[in-house]
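In what follows, a single structure is set out as structure tokens and then discussed.
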Amino acid sequence: MRMRVLAGLLLPALLLLLPGPAFSAKKKGEQELEESDKLPAVQNRKYRLEHEFNAAIGVLPVDAFVKGVTFSGGYAWHITDTWAVEGRGYYLRNVKTSLRDKLENNFGEPPQKFAEITWYTEAGVVFTPLYGKLSFFNRTLAYGEFFVTLNAVVARMNGGKATDEEPQGKSARMGFGGAPGFGIRGYITEHLSVRFDLKSMLLYSAGEGHYPLSLMLAFSYSTRSDL
Amino acid sequence: MTTTRRVLTLTCALALLASPADAAKGGISDQGGELYSIEKRDLVGSHELMLALGAMPMDAFFKGMTLQGSYTYHFTHLYAVEFAGLYSFNFATGLEQELKERFDVQPTKTGELLSIINVNFVLKPLYGKFAVINDKIFTGEMYFVAGYAHGFFSAAKPAGIDFGVGLRMFINKYFSLRLDIRDYMFLPEFKSVSNNLFISFGLGLTFGFGEEEKED
């Protein structure tokens, strides 16, 4: 009887001792992780965007006759961590190059013969495949992401090559096209970030193709989907 | 009865000892403790060879598709020096021909850019992890370069500087993917500056891994 009592009391105690080692022995994979140097750490994103409003300054530097300085504002709705839709409007201040000055002054070319964009808008998608958590000089943490964009573009253009109908150069008109590109974003605070965009536009307007390159630096304010 | 009491005492003691780790875990969690995950950087690979395809889209007269090769010596995780050269396969936009025919104007004094050699100081202040589509984790780094560049144009060989930023994703210990954006600024006659934006996508091969104590 005494032995039964002893066995009855000791057995549960021994069973209580078992779970730790028995559990770890069950899964070989977990045991390997414990013995490994590396610990896979899965964390939630620190920065999650939802509604993004931004203001930007940029340049259209490629055209030989005119360099454009852009002022733009945009809105993006980040549907998920990786996909967003975006709309943006640009206003341009165009600066004539010395080559165009020479052609206008020395050769009497009318200004209407040189195509330039006065404003344009774009709308499209943003795909963000990379989100990074980086150490800065091994001291502080920095967060950022890399994204690619694809936009449809509508532009207001002025000037262009002379035709039989318009021998003095083209008048104001609309241009249509697309703008693939990519960019990087660095987070400053939970709501503020700075982003750099590079886009290559492909515009078609009144029989002419235009291929301006757009560089843009933007400051963004974003609401967050997790707050 | 005495024996039974002893057994009961022993049982209670064993039961209390049974799960100390679990109790401790719960305690930390309840107190809202924070978990820091600190991983060591991989060892420095001293030597890196890189081959890249790129584009030089800035010139209104020629658009260049480039082939670039480089050798980089990594002193530490933070500093490196890069020796690079690129060759540009150029495609005329037709603008130069048009200007010649219509106005008899020769717009560029330097001609088309054929190749560039440069030596750069590389600073790599940002290193960390990238989540790729919230699915896979890769390590990577962001770096900045600046240095001396020498351009070989069809009609001139101007000196200049270059600077830029790059992003590297490590595929494994030896191979990495690189995205570089740079500006080559040449001074053909020290009067005007010729800016040449350069974008490239390359594959790097790193070797010559040092001892562990070489880490920062």
Side-chain angles (χ1 to χ4, degrees), chain A residues 2 5-20 37-43 45 61-65 80-82 97-99 102-103 106-107 109 127-139 141-146 161 182 184 186 196 198 200 211 213 215, chain B residues 3-4 7-8 10-22 35-41 55 57-61 63 77-78 93 95-96 98-99 102-105 107-108 125-135 137-138 140-142 165 167 169 179 181 192 195 197 199 216:
Chain A
R2 190 175 287 173
V5 172
L6 277 171
L9 291 169
L10 278 172
L11 190 62
L14 288 170
L15 283 172
L16 283 169
L17 280 171
L18 280 174
D37 273 339
K38 291 189 177 178
L39 170 70
V42 180
Q43 290 177 299
R45 286 186 180 220
V62 169
D63 196 296
F65 302 115
T80 68
D81 286 337
T82 48
T97 62
S98 58
L99 174 62
K102 193 186 282 183
L103 293 172
N106 299 352
F107 295 90
E109 281 294 297
F127 176 56
T128 309
L130 295 175
Y131 173 84
K133 176 187 176 185
L134 305 160
S135 73
F136 183 66
F137 283 112
N138 279 353
R139 286 174 195 274
L141 287 176
Y143 295 82
E145 59 192 28
F146 172 85
K161 282 178 189 169
F182 65 89
I184 54 173
F196 171 78
L198 189 153
S200 177
Y211 313 103
L213 186 78
L215 305 174
Chain B
T3 313
T4 312
V7 171
L8 275 170
L10 183 65
T11 308
C12 290
L14 286 170
L16 282 172
L17 287 170
S19 53
D22 291 343
L35 172 68
Y36 289 95
S37 169
I38 299 166
E39 285 184 62
K40 287 200 298 184
R41 282 191 181 203
M58 279 282 278
D59 195 326
F61 301 94
K63 304 296 175 192
H77 279 300
L78 205 57
T93 59
L95 183 61
E96 187 174 14
E98 187 184 330
L99 289 170
R102 287 176 62 188
F103 310 108
D104 194 25
V105 170
T108 57
L126 289 158
Y127 175 90
K129 289 183 280 191
F130 287 93
V132 182
I133 320 178
N134 275 356
D135 187 39
I137 299 283
F138 285 94
E141 63 185 14
M142 196 171 182
V165 62
L167 189 67
M169 300 277 289
L179 173 70
I181 302 174
S192 60
N195 278 291
L197 182 72
I199 304 159
D216 290 334

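Letters A, B, ... are given to chains in the order of the sequence lines, protein chains preceding strands, and every chain is numbered from 1. Computed from a predicted model, the values in this text were never measured in an experiment.
- For A:E145, no part sits under 4.5 Å from any heavy atom of chain B, backbone or side chain.
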*Can you check side chain to side chain contact (heavy atoms under 4.5 Å, CB included) on A:F182 and B:L179, steps first, answer last?*
CA-CA 11 Å; A:F182 65 89; B:L179 173 70; 4.1 Å; yes
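- Under the 4.5 Å side-chain criterion, counting only non-hydrogen atoms from C-beta, B:M169 is in contact with A:L130.
- Here the closest non-hydrogen pair linking B:A60 and A:D63 is CB-C, 4.5 Å.
- Among A:F65, A:Y131, A:F146, the residue with the largest count of heavy-atom pairs under 4.5 Å with chain B is A:Y131.
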_Verdict with reasoning, B:L197 to A:L198, per side chain to side chain contact (heavy atoms under 4.5 Å, CB included)_ = CA-CA 11 Å; B:L197 182 72; A:L198 189 153; 4.3 Å; yes
_Trace of the side chain to side chain contact (heavy atoms under 4.5 Å, CB included) decision for A:V62 with B:K63_ = CA-CA 10 Å; A:V62 169; B:K63 304 296 175 192; 3.2 Å; yes
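- With sequence neighbours left out, the side chain to side chain contact (heavy atoms under 4.5 Å, CB included) criterion links A:L134 to B:L126, B:F130.
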*In sequence, state the C-alpha distance, the side-chain angles, and the governing distance for A:F137 and B:L78, and then conclude on side chain to side chain contact (heavy atoms under 4.5 Å, CB included).*
CA-CA 8 Å; A:F137 283 112; B:L78 205 57; 3.8 Å; yes
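- If you measure heavy-atom distances from A:I184 to chain B, the contacts under 4.5 Å come from the side chain alone.
- Proximity to chain B (any heavy atom under 4.5 Å) is shown, for A:S135, by both the backbone and the side chain.
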